[in-house]
Each structure stands twice: as C-alpha cells, then as structure tokens.
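Report on one structure; see the data block that follows.
Below, all heavy atoms of this structure are taken into account, side chains as well, without hydrogens, waters or symmetry copies. Every number for a ligand or one of its atoms is a count from 1 in the order of the listing.
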Amino acid sequence: MDTLVKEFLAKVESRNQHEPEFMQAVQEVAEAIIPFIEQNPKYKKAKILERITEPERVLMFRVPWLDDQNEVQVNRGYRVQMNSAIGPYKGGLRFHPSVNLSILKFLAFEQVFKNSLTGLPMGGGKGGSDFDPKGKSDGEIMKFCQSFMTELYRHVGADIDVPAGDIGVGGREVGYLFGQYKRIKGEFTGVLTGKGATWGGSLIRPEATGYGVVYFAEDMLETRGERLTGKTVVISGSGNVAQYTAEMCLQAGAKVVTLSDSDGFIYDPQGIDAEKLAFVMDLKNEKRGRIKEYADKYGCEYFEGERPWGIPCDIAFPNATQNEVNEEDARTLVKNGCICVAEGANMPSTPEAIQVFKEAKILYAPGKASNAGGVAVSGLEMSQNSLRYSWSRDEVNNRLRDIMKEIHQICVEYGTEEDGYVNYEKGANLGGFVKVADAMLAQGVV
Ligand code: NDP
Ligand code: 2IT
C-alpha cells in the first residue's frame, strides 16, 4: 500500500477504533482519492479527505418499547449525518440485530459518494437500530417504529435529513415512521421516502434499486458488445433489491437461477419465472417466510448455510449484505466464467474479492455506483413532494434509466485505465468525490 494512504488510514483508525466496516469503506476511497489529491493540492490544503471521513454529527438514542407480552424491550437507535455539502442528509434506515456504529458509519460514508453520483442535490446519512424485525407482530413493529421516531423526529425534516428504507425497513416500517412523524409535528411533508403511492410516495421507488442495478449491468455489458439476453444470472438475497433485480433480469430475457436469505440459497436450474417470482414476493413481503419454502414448493435444491457463488453464471448480483463475497468466492466466480459483477448491496465484496475481479479484468461495479438507483428515485420522490405532484411510472422510470446511464458514463470518464480497462471502483470514488469536495471548498471551513 502507498505510504501516504497508510499514514492517512492510521490517523483515521486512531480515532475510530473497533470499526472494521467503516475502516474498510474509508480504505477503498482513500486508495482511489489520495493519488488524485496529490495532483490537486487545493483539496489537500483544505483537508477535504480528513473532513469527509469525519461525520458532521452522530446521534445515538434509547428506543424503549412494549412487546406483545407487555414486557419492556430496549434497543439502540442511530442516525449518522455524514455530509451535507450538496444537500440535506439522505439515506436509509437499517433494522437488523448486527447494526452498530461501524456499520452505519460505513453505510453513511458510502452514501455521500453514491448520492453525489446521482447528480441530485442530496447529502449523505444513514441510520437504524439493532432491533430485529424477524418474528415480530405488526403491532410490535408499529410500537418500535413509533418509539424510534419519537426521538428521531427532532433531528430530521424534509430540508434537514430524509431517511428511507434499507435492510429490515420497507413500506410497512416507512408507513409507521411517517405516521408518527406527522402526528408529532402536525405537518405532512416529505420527511421520508419510500412512502406509499397514495400518500406521497413515488412510483417505481420499490423497484428502483433492483431495476437500476440491472440497467447499470446492461451498460457495462454494452462496453464489451454483450447483452443480458440469454445470460445466466446468480442473485443473493431475496428482499427488496433481489426481487426487483430478478424481475428486470426476466424482462431482459436473462435466466435467474438463485436467490438466498440468511439461512441458505435455492438453486433452480430451470430459472425463476414470473410466477415463481410472484411466489417469492408473497413469501417474503407478506408471509415473511424463509427462502427454503421455494425449494419445497418447486422441488429444487436448497443449500443450507451457503451462499450462491459456486453456481456457474455469466453475471452475479450480490444483493444481500456487506462482505458476502470473499476472495475464494470471487475466484470461484471468475473460474466458472462470470464476466460481470454488479453490486446491489452495499460493500458486498471484500477488498480481496474486488482485487480478484480487477486482476481478472472482468466487469465489476461497486454498490455506490450500481445500486444508486434506489436513492436516485428517493431524490425524485423528494422533488415530487416539493412540487406537490406525482409523475407517471414511465416518467420516473425514464429518469432512473437516464441517471444510471449518466453514472456509468462518470465511471468510464474517471475510471478508464491506460489499457482501456474500466476500473469502475476508481471511477465511482473519484466521480462521487469531486462534486462534494468542490462544494466543501466553496463553503469554507465548516
Ligand atoms: P431487505 O431487508 O429487503 O432484504 C435483505 C435480504 O438480504 C434478505 O434476503 C436477507 O435475508 C438477506 N440478508 C440480510 N442480512 C443478511 C446477512 N447478514 N447474511 C445473509 N443474508 C442477509 O433489504 P434490501 O433488499 O433493501 O437490502 C439489501 C442490500 O441492498 C443491503 O446491502 C442494502 O444496504 C442495499 N441497498 C438497498 C437499497 C434499497 O433501496 N432498499 C438501496 C441500495 C442498496 P433474511 O430475510 O434472512 O434476513
Ligand atoms: O443504500 C441505499 O442507497 C438505500 N438504502 C436507499 C437510501 C434512500 O434514501 O433511498
């Protein structure tokens, strides 16, 4: 590793100890940005990198609630307000037992670059709780969300900080959170995105991340004269992002053969068709069941406790969670002929896995570029709320398509190497950084 990068990381680590996910995200960015900053001393003089890695504000709070047995439960809530140079803080809320400050700081940090890439005026933030929604009744989910918002409401607002969904937070949770905000503040504003279509939500927001990652993969494939049609696709996860990735892959004529959850993955060599996907959506979004039930229903294989990267494929979409693709998985994917990895999740590939993809010169897109469609349509939801108007599905979908194309273009512009290989990781980091850094320069030392 470059000495300057090492020195910088040592400084960041000294005051962010025991935060491995945050350090991993910072390292990836630092490796791309430091050589650029050396050539552009104005950023160095203004200590942009030192400032951009320090959250503007971190909020941590108690979330007490009563479960269905009237037992008192206590969780911890967070909101990391990372950077507001180009707009109000914007980013999702994650409810998962693994949530801690390191995970939310990494997600908030990634969000700053991602939101900048969308071209929309959004700063970066992220929040959530170690609350585990699994096995909870709707009533318990509502009580938790109400208690969470009873503290969070004082820190957010349509022009301040606009949360949305992430793992464990979908339409149901956004509804309860929004209802409580509206009740406390007595105002109906666009304080959250991912709202229902009849009460201020944007059409296409549920689909946006999944559709966007497929659009991005199409643009990557096009650089090599390839298309999705006829390709075999492996997807991890079976939540929001995975479901709509699968839907758009089907529309593009690709064959999706896997989905997973935290217990294991299913392998359907026949391909997951529209009817089977409707079963998955009902299973996961309504019945809140396990992906194993797909294997039971359709008589295909289920691999308990495993991830799908050993299944031969042309294209892989890691769409579950961080660090779900390690070096060995990456080698297996490459060996089996995978030509494109587009991340729907945030930071699903370890640094070692990314190195394998880049050395093999396959198409590899980091989440901050390829999964930006979700937050992009959140940005469009904010615009529609400000206009007090809503656009048609086609209008939103066309804008999403254009935004993903533009992000791809930025990656090509900043990431093309001497031999013509597009290093999307470098392109996304540099392309996302410059706009935020220039805004920080313009706004002085704040
Ligand atoms: P969901 O909660 O809808 O689905 C998450 C899926 O990933 C589920 O299948 C879940 O399985 C699985 N999963 C979660 N945690 C783990 C884990 N620790 N190990 C294995 N599997 C796990 O979330 P989303 O689909 O919204 O989010 C998926 C990823 O996409 C996340 O990385 C998120 O940050 C990212 N993302 C989401 C966006 C959005 O708009 N929603 C936008 C951009 C990125 P199980 O049901 O067993 O928990
Ligand atoms: O990681 C992400 O970009 C999201 N979870 C979506 C954030 C948003 O504000 O829509």
> Strictly by modelled atom types, are T350 and E327 linked by a side-chain donor-acceptor pair under 3.5 Å?
Replying inline: no
> Protein residues near ligand 2, heavy-atom distance below 4.0 Å?
Replying inline: K90, G91, G92, Q111, K114, K126, A164, G165, D166, R205, N346, G374, V375, S378
>> Assess, by modelled atom type and distance only, whether the side chains of N319 and Y244 contain a donor and an acceptor separated by less than 3.5 Å.
In response: no
> Can you list the residues that meet the side chain to side chain donor-acceptor pair (under 3.5 Å) rule with D268, with sequence neighbours excluded?
Replying inline: K276, Y294
> Do any N or O atoms from the side chain of N371 and from the backbone of A345 form a donor-acceptor pair under 3.5 angstrom?
Replying inline: yes
>> So that I can tick it off, tell me whether R79 and D161 are bridged by a salt bridge, with the cut-off set at under 4.0 angstrom between side-chain N and carboxylate O.
In response: yes
>> Counting only heavy atoms and a distance below 4.0 Å, can you name the residues contacting ligand 1?
In response: R94, H96, K114, K134, D166, I167, G168, R205, T209, G237, S238, G239, N240, V241, S260, D261, S262, K284, R290, N319, A320, T321, G344, A345, N346, N371
>> Under the rule for side chain to side chain donor-acceptor pair (under 3.5 Å), what residues qualify as partners of S260, not counting sequence neighbours?
In response: none
> Does K297 come within less than 4.0 Å of E293, counting only side-chain N to carboxylate O?
Replying inline: no
>> I'd like to know if D132 pairs up with K136 as an ion pair, taking the criterion as any Lys NZ or Arg NE/NH1/NH2 lying under 4.0 Å from an Asp or Glu carboxylate oxygen.
In response: no
>> Under 4.0 Å between a side-chain nitrogen and a carboxylate oxygen: does that hold for K231 and D314?
In response: no
